[in-house]
Amino acid sequence: MSLTLYNSLSRRKEPFETLTPGRVLMYCCGVTVYDYCHLGHARSYIVWDTVRRYLEWRGYAVQYVQNFTDIDDKILKRAREEQSTMAAVSEKYIAAYFEDMERLNIRKANAYPRATHALNGIQRLIHELEQKGIAYAAEGDVYYSVRSFPGYGKLSGRKLDDMQAGASGRVEVPESNHPESNHPESSHPESNHPEPNTSVPEPPDDPSAEPKKKDPFDFALWKAAKPEEPFWDSPWGAGRPGWHIECSAMVRDGLGEQIDIHVGGADLIFPHHENEIAQSEAVTGKSLARYWLHNGMVNVEGEKMSKSLGNFTTIRQLLDEPLAILEGDRFDPMALRLFVLQAQYRKPIDFTPEAISSAQISWQTLKAGLTFAQDFGNALGWTDLESDDSRAGLQNPSEVAQQAVQRFQSSMDDDFNSPGALAVLFELAKELRRAGNVINHVGKSDRDASDLRQEWQTLVDLSTVLGLEVLGLEAASAQEASGQAQVNSPEIEAMIAARTAARQSKNFAESDRLRDLLKAQGITLIDQPDGTTRWRQGSARP
RNA sequence: GGCGGCAUGGCCAAGUGGUAAGGCAGGAGCCUGCAAAGCUCUUACCCCCAGUUCGAAUCUGGGUGCCGCCUCCA
């Protein structure tokens, strides 16, 4: 069995072969840090984190690098609004990024280069492009001459001439800028509409508005500094880098001239990744990345979630606010992860209340399987959970465990088909939940303890590959909860005895009253065929 | 207008030539004084039309609908 992945470059699934056996160099386009991350970002980074985890599980040593864009017009705009600086705004949202990602159990990259730390590499790259006659300076700006790179358009599958026709249709109304040109945005501060603001410092990419460009599709590698903006000295004068060049430079500095996998949102294919290829490959003469992978968008009511449409929900908003659809509960971060992984990564997913509640409940099911050892390990005599050889059983995996791993792998090998992989996890989790319920209700298991042990261990292992884990805090509180139950035990036993007496005298009204009383405290009673009554805490378990 | 993608049950979503995984949500029954759990059963004309084939959700052609990119965007 071999791993196959869909390469945006060829628009086909291809077998995965690394540049160096056993090693994967992987670069992920990160965020521009001017605001909190929304669900679109969450999806992207959950997906690529999962890909990275899977590659490692498959035995590859993965070097994973993800950048922060911390030089950008939007950051500057935010800094002006907050009477702050670009650096301060960046720091704030980088910190927020890490907080959000940690909650989603996204593992840290090996490196997080920032544009502001990559100026040397950026300038070197621009210089080399200039030497090769592909970049040209114009009044303090430097542009990339798109027509000098024969391969331009190979990733996005478009031709410059085709685009020109389309672009002209969009840019035909430059007059719309004029009426508002002397109305700063503060003239309508109460407006929450995310209308494109015509007073932003940078004009839209209107070819006619940038006469410095030789060709309308040329793009900026370096931008001359405007007054009161941060700048860096350069051979072309004071200024700052364009957006695309930073990734070319950071890939080269952090991973080398050629990498295995370059990933990012599908909305980055053009122009960002196309330009990145043009920049890097024109200099090195080598293909930049062997595989280009792009995740699908998160939609809201059929439309892409995006800043400009204003239809976004931030990660922290979704996780922190009690939700009506969840009857006032908060959305579990792992349920968000599940929501993302329940779709194949290239397909769009719709963010709806139904999807949220479905994911939340699904996570409860999976969690019941994951906490099986914690809940029932004692009952099954699993005393070695903490010890090093606790996984010894997996040396000789059972048929069920082997098949689960095999099915999981063959799904994931097929272009990271996580929905298929999840089906395997759910089958294991549901069986464990069933077995646990039987123990609760009958007092003993109807399954062989070591078989269950293997199924549980397999579930935990495979879930971890997808980053679906019961994290520390939750695990601790679950244990705490079971400890509490012990404390109240005598009181409960007394009530059960009273109820048993009532039942024996057929006083069912009293018997039901006591049942309801305990139920209100979260205690569920289980009458046994032999007339005795068992109980357990927690009525929520489905 | 150009390029790309998607259409499977109430919702989500696998399946890429041999008569439909899984999740969520439902229905019926057995069991129970009532419960809880368990068990059994149960819900698909795979967007439409034509073609290839012994056989297609799966391949080919045409159509319809939706989405993304072409402008900052995960």
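Protein chains get the first letters and strands the later ones, always in sequence-line order, with residue 1 at the start of each. In this text, all values refer to a predicted model and were calculated from it rather than measured experimentally.
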Distance-only donor-acceptor test, D350(A) side-chain atoms vs C12(B) base atoms, 3.5 Å
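No, the side chain and the base share no sub-3.5 Å donor-acceptor pair.
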Quick check: any donor-acceptor pair below 3.5 Å linking the side-chain of D512(A) to the base of G33(B)?
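Flag set: donor-acceptor pair detected.
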Out of [options], which has the shortest distance to the side chain of [X]?
{"X": "R499(A)", "options": "C34(B), G15(B), C67(B)", "answer": "C34(B)"}
{"X": "N417(A)", "options": "G15(B), C34(B), C70(B)", "answer": "G15(B)"}
{"X": "N437(A)", "options": "C72(B), G38(B), A74(B)", "answer": "G38(B)"}
{"X": "L268(A)", "options": "G68(B), A74(B), C34(B)", "answer": "A74(B)"}
{"X": "F270(A)", "options": "C70(B), A74(B), A37(B)", "answer": "C70(B)"}
{"X": "R515(A)", "options": "A35(B), C67(B), A14(B)", "answer": "A35(B)"}
{"X": "M305(A)", "options": "G33(B), A13(B), A74(B)", "answer": "A74(B)"}
{"X": "A343(A)", "options": "A13(B), A21(B), A74(B)", "answer": "A13(B)"}

Residue-phosphate contact under 4.0 Å: [X] side-chain N/O, [N] OP1/OP2:
{"X": "H41(A)", "N": "A74(B)", "value": "yes"}
{"X": "R434(A)", "N": "C39(B)", "value": "yes"}
{"X": "N440(A)", "N": "A37(B)", "value": "no"}

Run the side-chain contact (heavy atoms from CB on, under 4.5 Å) test against [X] and tell me which residues pass, sequence neighbours left out.
{"X": "R53(A)", "answer": "D49(A), N105(A), R107(A), R337(A), T464(A), E469(A)"}
{"X": "A79(A)", "answer": "V89(A)"}
{"X": "E354(A)", "answer": "T352(A)"}
{"X": "R534(A)", "answer": "I526(A), Q528(A)"}

Within the sub-3.5 Å range, which N or O atoms of nucleotides 23-26 of chain B have a protein N or O partner, and how far apart are they?
unit_1: G23(B); atom_1: OP1; unit_2: K430(A); atom_2: NZ; d: 3.4
unit_1: G23(B); atom_1: O2'; unit_2: S362(A); atom_2: OG; d: 2.5
unit_1: C24(B); atom_1: OP1; unit_2: T365(A); atom_2: OG1; d: 3.0
unit_1: C24(B); atom_1: OP2; unit_2: K430(A); atom_2: NZ; d: 2.9
unit_1: C24(B); atom_1: O4'; unit_2: S358(A); atom_2: OG; d: 3.4

For the atom pair CZ (R43(A)) and OH (Y345(A)), what is the distance rounded to the nearest 0.5 Å?
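The CZ atom of R43(A) sits 10.5 Å away from the OH atom of Y345(A).
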Of the non-hydrogen atoms in W48(A) and L293(A), which two are nearest, and what is the gap between them?
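So the two residues come closest at CH2-CB, 3.5 Å.
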Please work out if R513(A) contacts a base, only the sugar-phosphate, or nothing of the nucleic acid, heavy-atom cut-off 4.0 Å.
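Touches nothing.
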Counting the atoms with a prime plus P, OP1 and OP2 as sugar-phosphate, which does L525(A) contact under 4.0 Å by heavy atoms, base, sugar-phosphate, or nothing?
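Base contact.
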Would you kindly give the CD-to-C1' distance between Q344(A) and G68(B), to the nearest whole Å?
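Taking atom C1' of G68(B) as the reference, CD of Q344(A) is at 16 Å.
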Would you say the ring centroid of Y93(A) lies under 6.0 angstrom from that of F68(A)?
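Not under 6.0 Å, so no.
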Using heavy-atom distances to pick each residue's nearest nucleotide on RNA chain B, tell me which of V438(A) and D527(A) is more 5'.
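Residue closer to the 5' terminus by nearest nucleotide: D527(A).
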Are S8(A) and H294(A) close enough that a side-chain donor and a side-chain acceptor fall under 3.5 Å?
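Judged by distance alone, the side chains do pair up.
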Do T32(A) and D72(A) pair up side chain to side chain, a donor and an acceptor below 3.5 Å, judged on atom types alone?
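The answer is no; no qualifying pair exists.
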Polar-atom pairs under 3.5 Å, protein N or O versus N or O of nucleotides 3-6 of chain B: list them with distances, or write none.
unit_1: C3(B); atom_1: O2'; unit_2: S156(A); atom_2: O; d: 3.3
unit_1: C3(B); atom_1: O2'; unit_2: G157(A); atom_2: O; d: 2.9

